[in-house]
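Values in this document were obtained by computation on a predicted structure and should not be read as measured data. Labels below follow one simple rule: chain letters A, B, ... track the order of the sequence lines, proteins then strands, and each chain is numbered from 1.
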Amino acid sequence: MPTRAPYPFAQIEPSWQKAWAQADCFRAAQPGEAGSEKPKKYILDMFPYPSGAGLHVGHLEGYTATDIISRYWRMRGHNVLHPMGWDAFGLPAEQHAVQTGTHPRLTTKKNIDNFRRQIQAMGFSYDWSREIDTTDPKYFRWTQWIFLKLYNKGLAYVAEAPVWYCPALGTVLANEEVLTTPEGPRSERGNHPVERRPMRQWMLKITAYAERLLQDLDLLEWPESLKEMQRNWIGKSEGAEVDFTLVGSDEKITVYTTRPDTLFGATYVVLAPEHPLVSSLTSPAQRESVEKYRQESASKSDLERTELAKTKTGTPLGSFVVNPVNGEKIPIWVADYVLASYGTGAVMAVPAHDERDFEFAEKFSLPIRHVIRPESGKSEAGCFADDGINVDSGFLDGLKTPEAKIRMTEWLEKKGQGRHQVRYKLRDWLFSRQRYWGEPFPILWRGETHEPLSDCDLPLTLPELSDYQPSPSGEPPLAKANSWRIMPDGRTRETNTMPQWAGSCWYYLRFCDPRNDQASWGAQAEKYWMGGGGVDLYVGGAEHAVLHLLYARFWHKVLFDLQLVSQPEPFRRLVNQGIILGEDNRKMSKSVGNVVNPDEVIAEHGADALRVFEMFMGPLEQMKPWSSKGMEGAVRFLSRIWRLVCEETDTGEWVPSTHLSEDAPDKETTRALAKATAKVTTDIEGLQLNTAISALMILVNHLTSLPKRPKGALLHLARLLSPFAPHLAEEVHQRLGGKGLVSLAEWPSYRAEDLQDDILELPVQVNSRLKGKIQIHPQATREEIESMIRGHSDLEAWTGGKSIQKIIIVPGRIVNLICP
RNA sequence: GCCCGGGUGGUGGAAUGGCAGACACAAGGGACUUAAAAUCCCUUGGGGAGAAAUCCCCGUGCGGGUUCGACCCCCGCCCCGGGCACCA
């Protein structure tokens, strides 16, 4: 026989979900509609990719937090936009199609239906009238439309370049989608090996926005670590280009350096093996060894060239350049510690002040010349890479590094031998994929030239295919759809599709006005919902730090420049929810078998208990392990609330508790309510939901101890509980005769004076050690406290008879007697 | 190597300069019950003294410092997690 549930959540939860849907009570008012006069809040979750595996408890942690915040602000009289949708283009549905022949559309629909069911079972207060699906032509019509904006602004271009190609996925990937692992470069999705291949691809000019993407991070309330990751990814550096003229010709090599102040210490120049001048600068005597070295480098994997390469390799070209600042003749080397892809692919080597150059110079016995000394302490023989003071540097002697950099750059500019230069590591965004299940590009080719579709031809939908496999040569599946691809006039359609990130780059804007079929969004709606710096709270995983969150900021800035949006940044405040580990403290994974299935938890304990437990586990941002015992504790807490209101008859029915009372709450209960209300209110606003719940527990513990339970106090509790456990809160509210839906009730208030205790216990320390306590009224002044201490019967015992030299009194906090 | 987090009872965590361990979980004891489950009550950082009420000592990764007072602020280390990594 199954054990009886501690309270009837299985009946309560579905029935209130139905009641909310019927009352349509979470619909956000559009500007102009009734309700839009209220202040707005836009509370957003990172919308999920609807996978076949269904939701996991990690999704639900973030969604529960935003739901609590949304419900709270609604009760505080705000017009809350809290939407949900599906980021539904992507590879898994397509891979499933390759294996089974099922159209990705069908797989996607099935998965979406399952995700929606799971989300609705949690009782989240989404405005379902705004649900969006990135694979819906009514949606991606506007994704294509935004692409055309980028295209027409010159921010989309086709380039033949070495790109990351993943044979297992059958597609190219963006830099941001490739991870550096001990096994070499791997795909972010699926962890497959990836390789460099020269291919012709669509690129988006995100580099044009590098500086603004960097600067505007300062506008954002985001976790510092995440901002730092974006800063690193953008990778700004400031320095100078320096021209080194070749000995015996007017040709020159341009290098990039962040330390122009060390130019007097440059003792050689290094080119990357791929540098275009390597061949022409190699002397006949060196030709053979240089060619050999280049071939060796080319055959090395990236891994061999970077992480494992503890020892530097290289070979001289046999030619020389002139150091512009001192006219010295210095040799040119080729070495693969210099990257072709950064700066100019050439560096000036200053072994005394750069670790890598130092290592190389040591190995090949090249001269090391110190031109910087530390500001304090003396110069040492090794490598000194920090800022300091110039020595043996002509006109820079005695200058500190920042000043010396400026002076040297000025000198180079005056001589026409160099210039100030800012560099970024950020590369343009590789935007095309050789896949079927993505947005088709609204682009036509006529021979070698491309042209855009016009807006009225959108959406450009996908053709039906029977075979979704990309060809081994890298031809996309759409290349097979000849009737779709080839236009009557001979022009052909672009057969690549957009990457999964395209749809998520702007979905938060569509939520502002999701049913608009005249425009991507109405200006008024955008201004209203995005006002005050964009989305008010955005919650999601940290895995999108340099992917979605960078791409979306980029698109948003383009739209801002086109005056299509009113704010420079999309997401004002962002919080990353921490990972929920399995009960064994390991990452949840199917193969380990420690995955917690929310469907089962809801069936066993109810959605409210799952919500409460996930929030009670610990701080939202923190990684924390699942605990089935802890889950039971949450159920116990909720069932105690239930039994405050109801009791069970012999026949198993729940009837109103005989302890209920119509009387007004006593003073202590009034105080308990006030304290809980104050704490829950500040904690919700500070997103400290674990301590908010503990405040509710303290209140419930107090109410449980009462012989008579005032209904007013329980109704107050129901409102405080409503954001956290909304189903139970509604049921309790209704059973106590509360009017309307508690979800729409006003957030409870309290009188400040009710927070005060009648008597305060003030700890008394002697020489900072706790000795005793005095009881005093809370507003007692220093003078009153001091006179009470001095007259206290225990004073002698506390001080051990010693005289008091000093009394430190912090009213309301502590007394410390100093008795030497 | 560099950057960003973090280290508190048996466990999850609370306390951002003022009584360390709120609130839970687990454990132990008790009540109710034929019994079990559920529920309710009590104890619970470690060590020591006492018949007891009580009292004393130690305690927030380690070592220093600032302060009447430090989990909290400062300096130096150790360990764990995440990110970046030959970017000149």
Worksheet item: C1' atom, B:A14 versus B:A20: distance in rounded Å?
Response: 10 Å

Practice prompt. With heavy atoms under 4.0 Å as the rule, sort A:Pro619 into base, sugar-phosphate or nothing.
Written response: sugar-phosphate

Discussion item. Taking the basic N atoms (NZ, or NE/NH1/NH2) and the acidic carboxylate oxygens, is any pair closer than 4.0 Å for A:Lys236 and A:Glu211?
Written reply: yes

Fill in: A:Ser237 side-chain N/O to B:A88 phosphate OP1/OP2 under 4.0 Å
yes

Worksheet item: Can we call the ring centroids of A:Phe360 and A:Tyr268 under 6.0 Å apart?
Response: yes

Practice prompt. Check every atom of B:C25, B:G18, B:G12 against the side chain of A:Pro625 and return the nucleotide holding the closest atom.
Written response: B:G12

Fill in: Nearest-nucleotide pick for A:Glu228, side chain only, options being B:A88, B:C3, B:A14
B:C3

Worksheet item: With a non-hydrogen cut-off below 4.0 angstrom, is A:Arg636 in contact with a base, only sugar-phosphate, or nothing?
Response: sugar-phosphate

Practice prompt. Indicate whether OP1 or OP2 belonging to B:G6 is found under 4.0 Å from a side-chain N or O atom of A:Lys624.
Written response: no

Worksheet item: Which one, B:A24, B:A88, B:G69, comes nearest to the side chain of A:Asp354?
Response: B:A88

Worksheet item: Would you say A:Asn690 reaches B:A14's phosphate, i.e. side-chain N/O to OP1/OP2 under 4.0 Å?
Response: yes

Worksheet item: What does A:Lys679 touch in the nucleic acid at a heavy-atom separation under 4.0 angstrom: a base, only the sugar-phosphate, or nothing?
Response: nothing

Worksheet item: Counting only side-chain N and O atoms of A:Arg769, is one of them less than 4.0 Å from OP1 or OP2 of B:C19?
Response: no

Worksheet item: How is A:Ser225 classified with respect to the nucleic acid when contacts are heavy atoms under 4.0 Å: base, sugar-phosphate, or nothing?
Response: sugar-phosphate

Practice prompt. Counting Watson-Crick and G-U wobble pairs whose two distances are both under 3.5 Å, find the runs of 3 or more in a row that involve RNA chain B.
Written response: B:1-7 with B:78-84, B:10-12 with B:23-25, B:27-31 with B:39-43, B:45-49 with B:54-58, B:61-65 with B:73-77

Worksheet item: Would you say B:C40 has OP1 or OP2 under 4.0 Å from some side-chain N or O of A:Arg643?
Response: yes

Worksheet item: Within less than 4.0 Å of OP1 or OP2 of B:G13, is there a side-chain N or O belonging to A:Gln622?
Response: yes

Fill in: Side-chain N or O of A:Tyr337 closer than 4.0 Å to phosphate OP1/OP2 of B:A88
no

Discussion item. Just to be sure I understand the rule, does A:Asn232 reach a base, reach only the sugar-phosphate, or reach nothing, if contact means heavy atoms closer than 4.0 Å?
Written reply: nothing

Discussion item. Would you say A:Asn585 places a side-chain N or O within less than 4.0 Å of OP1 or OP2 belonging to B:G12?
Written reply: no

Worksheet entry | Chi class for B:G9: syn within 90° of 0, otherwise anti | syn

